[in-house]
Amino acid sequence: MQYIDRIPGYILCLMGAFFLSWGGLLIRLIESADVWQILFWRAFFFSLTLIFFLSFRYKKQTLVIIKQTGYPGILYGFAMALGFIAYIIAMTETTVANVLFIISSQTIWLAIFGYLFLKEKIGIKTLFSIILAMVGIVVMIGGSLNIGSLKGNLIALYIPLNFAFLILLIR
């Protein structure tokens, strides 16, 4: 518990970005497995890592902490599982670059959802930034749109929408 609390947040963010940046490459390197096999092993190792982290963090209180999450924890877990599934399927249906560009729109969707559901104000600079970023994403992925990759791009769009909605629910 005390070790994780001492790691600065920006270091954790950098570590997360570093480890997540390998996802597309690793998925593309796996040639002999289908989507569901990749999902199985990804979920298996994610579960082991999560159990290890929770056990390290909470020691004997781990099961109590898990039980305390209740129905919201089950709902969030289910939504995150759907996001994991969408990530792998999107990676196999369109380019890695398209998936990552689309996923990067998460904070934009969070701002939009905050405005729509929590009545939070969006400043003029933020609104301009949102519009500019959305235009940039469309320009980046627009040239590679065809019937096959459109499906992958739409599945990839679910990921930031889902995650932004989960963050909104937590808030």
Side-chain angles (χ1 to χ4, degrees), residues 12-51 53-54 66 69 71-118 120 122 126-171:
L12 292 174
C13 285
L14 286 173
M15 288 172 51
F18 174 77
F19 289 116
L20 288 174
S21 68
W22 293 92
L25 175 65
L26 293 175
I27 291 168
R28 295 292 186 189
L29 288 175
I30 299 172
E31 295 178 4
S32 62
D34 67 8
V35 170
W36 297 105
Q37 290 170 323
I38 295 170
L39 282 167
F40 171 80
W41 289 110
R42 188 172 192 245
F44 177 76
F45 286 111
F46 177 78
S47 298
L48 285 180
T49 304
L50 186 61
I51 289 168
F53 174 78
L54 290 174
I66 292 171
T69 62
Y71 291 116
I74 293 170
L75 175 66
Y76 297 146
F78 183 72
M80 289 300 292
L82 289 176
F84 278 11
I85 293 168
Y87 178 75
I88 300 298
I89 293 173
M91 285 287 186
T92 61
E93 295 290 331
T94 190
T95 66
V96 172
N98 282 10
V99 173
L100 296 179
F101 275 117
I102 293 169
I103 289 174
S104 71
S105 69
Q106 174 195 326
T107 53
I108 295 168
W109 292 110
L110 185 56
I112 292 169
F113 287 172
Y115 173 78
L116 293 175
F117 299 111
L118 299 179
E120 293 179 344
I122 295 180
T126 304
L127 182 61
F128 180 73
S129 298
I130 287 172
I131 292 169
L132 193 61
M134 288 296 218
V135 168
I137 291 170
V138 169
V139 166
M140 294 303 287
I141 68 170
S144 65
L145 286 181
N146 58 42
I147 298 301
S149 69
L150 179 61
K151 175 184 171 187
N153 290 329
L154 290 174
I155 292 170
L157 182 60
Y158 169 79
I159 300 164
L161 292 173
N162 174 55
F163 203 67
F165 188 70
L166 286 174
I167 292 172
L168 187 73
L169 286 176
I170 291 170
R171 288 182 60 206

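For the numbers below, each heavy atom of this structure counts, side chains included, while hydrogens, waters and symmetry mates do not.
Put simply, CD1 on Ile155 and CD on Glu93 are 5.5 Å apart, with the number rounded to the nearest 0.5 Å. Once rounded to the nearest 0.5 Å, the distance linking OG1 of Thr69 with CG of Leu75 reads 11.0 Å. Annotation: the span from Leu116 atom CG to Trp109 atom CH2 amounts to 9.5 Å, rounded to 0.5 Å. Annotation: the span from Leu110 atom CG to Leu166 atom CG amounts to 10.5 Å, rounded to 0.5 Å.
Ser105 places no side-chain N or O within 3.5 Å of a backbone atom of Ile108 that could act as its donor or acceptor partner.
Heavy-atom neighbours of Phe113 CZ from other residues, nucleotides or ligands within 6.0 Å: above the threshold of 12. In this structure, Tyr158 places its OH atom where more than 12 heavy-atom neighbours from other residues, nucleotides or ligands lie under 6.0 Å away. By the 6.0 Å contact criterion, CZ on Phe128 is open, its count of non-hydrogen atoms from other residues, nucleotides or ligands being 12 or less.
Closest approach of Glu120 and Tyr115 over heavy atoms only: O-CD1, 3.2 Å. Ile130 and Ala111 get closest at one heavy-atom pair: CD1-CB, 4.0 Å. Taking all atoms of both residues into account, the shortest heavy-atom contact from Ile85 to Leu39 is CA-CD2, 3.7 Å. Looking at every heavy atom in both residues, Ile102 comes nearest to Pro160 through O-CG, 3.4 Å.
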